[in-house]
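Down below is the structure, laid out as C-alpha cells.
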Amino acid sequence: MLFAALLALTLLICFPIWFAVTGAFSAQWELEAKLSPIFSAGEGMAAWSALPAAPTLKSLVEVLLDSPGFFTMFWNSVMISLGVLGGQLLTAVPAAWALARFPLRGKKAILTAYIVLMLMPFQVLMLPQYLVLQKCNLLDTLGAVILPAVFSTFPVFILHRFFKAIPQEILEAARLDGAGELRIFCQIGIPMGVPGILSVCILTFLDSWNMIEQPMTYLKTKSLWPLSLFLPEIGMEEMGVGFAAALMMLIPALLLFLGCQEYLEQGIAMSGGKD
C-alpha cells in the first residue's frame, strides 16, 4: 500500500516534466486539438496522451535555429543566475563564517533578523527595493535583478549551520600551529563546508533561473528579459515552440541537479542535524 502511494506521488510529481517533453515533440495541430478548450475557450475538455500521435522535431528545430529572441533571453537567464551565484558566494560565505565562528555581540539578534527577512515574500520588499534601485539608476538593467538577490539572507542562514558544525578542536589546533583567521577560513572552513556551499549554489541557481516577479518588476526592455518571461508570451499559435522552450529551460537545471545530487543530499542531511 505504501509502495503504491509513493509510486502514485512520484508519477504525479514527474507529470509536468513528461508533459513538457511530450509537448516539445508534438505537432502543432495535435497540441491545438488537445489544448484548444483551455487556450481558445473551445468546447469540450482538454486531453493529453502519454506519447505524441505524430512525433516531430519541428518545434525544437525552430527554437534552436530560428528563434533569436529565445537565445537572447536564454543568455540573460545565464548572466542573471551566474551573477547572483557569484555575488552570493562572495558575500554569504564570509558572513556565515563570521556569524558561526566569531564571538560577535548581538549574534542571536542578527540571526533572528536573518530569519525574519528570509520569511518575507518579495512583495513586501518590492517597493523599497524599487526605490533604491531607481535612486541608483539601476532600473531596467540586469543589475536591478542581480543586486538584491546577491544579498539574500537564505544562503547565510544555511551556511551558518555548516560552519558551526566544524569541531572547535580543529580550529584551535590550526591556531596553535600559527595559522591566522584568514588562513583557517580558506584552508579549513571552505573545504569542510563544500557540501553546504554546493547545496547553496544549486538552490541559488535554480531560484535565479526561475525568477519571474523580479525581472517583471524591474525590467521594461524586452531584450533584457530572462527566459522565464519568454514562456508567458507564447500563445496557442506557437504552443509547440513554447513546449520546446520549456524543455530547453528545464535541461540546465536538470543537469545541474543530477551532477550535484550527492552534494545536495549531504547538504540537506547536515542542515537538518542538531548543532
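Summarising the local packing, CZ of Arg183 is surrounded by 12 or fewer heavy atoms from other residues, nucleotides or ligands at distances under 6.0 Å. The local environment of CZ in Phe3 is sparse, with at most 12 non-hydrogen atoms from other residues, nucleotides or ligands closer than 6.0 Å. More than 12 non-hydrogen atoms from other residues, nucleotides or ligands lie less than 6.0 angstrom from NZ of Lys107.
Closest heavy-atom contact between Leu224 and Asn76: C-ND2, 3.2 Å. For the residue pair Val63 and Ala244, the shortest heavy atom distance occurs at CG2-CB, 3.6 Å. A pairwise comparison of heavy atoms in Leu206 and Ala253 identifies CD2-CB, 3.3 Å as the closest pair. The two residues Leu64 and Phe71 have their closest heavy-atom pair at O-CE1, 3.0 Å. Ser59 and Ala24 make their closest contact through CB-O, 3.8 Å (heavy atoms, listed as atom of the first residue, atom of the second, distance). Across Thr221 and Trp225, no two heavy atoms sit closer than the pair O-CD1, 3.4 Å.
Side-chain N or O atoms of Asp207 include none that pairs as donor or acceptor with a backbone N or O of Leu203 at under 3.5 Å. The backbone N or O of Val84 lies less than 3.5 Å from no partner atom in the side chain of Ser208, so there is not a single donor-acceptor pair.
Tracing side-chain contacts under 4.5 Å through hydrophobic residues (I, L, V, M, F, W, Y), one reaches Met118 starting from Leu99; they form part of the same cluster. Phe154 and Leu90 sit in two unconnected hydrophobic clusters of ILVMFWY residues. Membership requires side-chain heavy atoms under 4.5 Å apart, directly or through other members. The cluster map of Ile, Leu, Val, Met, Phe, Trp and Tyr, joined by side-chain heavy atoms under 4.5 Å apart, puts Leu125 and Val116 in the same cluster. Cluster annotation: Leu117 and Met126 are assigned to distinct hydrophobic clusters (Ile/Leu/Val/Met/Phe/Trp/Tyr, side-chain heavy-atom contacts under 4.5 Å, transitive). When the side chains of ILVMFWY residues are joined at heavy-atom separations under 4.5 Å, either directly or via intervening members, Tyr218 and Leu127 end up in two distinct hydrophobic clusters.
Considering CG of Leu82 and CD1 of Ile146, their distance stands at 9.0 Å, rounded to 0.5 Å. Rounded to the nearest 0.5 angstrom, Leu11 CG and Leu6 CG are separated by 11.0 Å. A distance of 7.5 Å separates OG1 of Thr141 from CG of Leu219, quoted to the nearest 0.5 Å. If you take OG on Ser81 and CE on Met211, they are separated by 7.5 Å, rounding to the nearest 0.5 Å. Here NZ of Lys220 is found 8.5 Å from CG of Leu139. Values are rounded to the nearest 0.5 Å. The CG atom of Leu227 sits 10.5 Å away from atom OG1 of Thr72, with the distance rounded to the nearest 0.5 Å.
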Subject >> Full working for side-chain contact (heavy atoms from CB on, under 4.5 Å) between Leu247 and Val21 >> reply: CA-CA 6 Å; Leu247 181 59; Val21 173; 3.8 Å; yes

Original post:
Given Met249 and Asn210, is the side-chain contact (heavy atoms from CB on, under 4.5 Å) satisfied, shown in steps?
Top reply: CA-CA 9 Å; Met249 185 175 181; Asn210 296 311; 3.7 Å; yes

**OP:** Show the numbers, then the answer: is there a side-chain contact (heavy atoms from CB on, under 4.5 Å) between Arg175 and Glu181?
**Re:** CA-CA 8 Å; Arg175 293 189 181 100; Glu181 295 300 326; 2.8 Å; yes

Original post:
Under the side-chain contact (heavy atoms from CB on, under 4.5 Å) criterion, do Phe185 and Val93 qualify, and how do the steps go?
Top reply: CA-CA 10 Å; Phe185 169 63; Val93 176; 3.7 Å; yes

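A heavy-atom distance below 4.5 Å is found between the side chains of Phe122 and Thr217. Contact of the Phe243 side chain with the Thr22 side chain is not registered, since no non-hydrogen atoms from C-beta on lie closer than 4.5 Å. At least one side-chain heavy atom of Leu57 sits under 4.5 Å from a side-chain heavy atom of Phe25. Counting heavy atoms from C-beta outward, Cys201 and Ile197 have side chains that approach closer than 4.5 Å. Side chains of Pro148 and Leu133 form a contact here, defined as non-hydrogen atoms less than 4.5 Å apart. Side-chain contact between Ser228 and Ile212 is present, with heavy atoms from C-beta onward closer than 4.5 Å. For the pair Gln168 and Leu171, the minimum side-chain heavy-atom distance is below 4.5 Å. The shortest side-chain heavy-atom distance between Met248 and Phe70 falls under the 4.5 Å cut-off.
For the salt bridge (charged side-chain N to carboxylate O under 4.0 Å, His left out) condition, no pair includes a residue of residues 138-150, sequence neighbours left out.
With sequence neighbours excluded, the residues satisfying side chain to side chain donor-acceptor pair (under 3.5 Å) with Thr204 are Gln88. For Glu213, there are no salt bridge (charged side-chain N to carboxylate O under 4.0 Å, His left out) partners two or more places apart in sequence or in a different chain.
The aromatic ring centres of Trp97 and Phe162 sit 6.0 Å or more apart.
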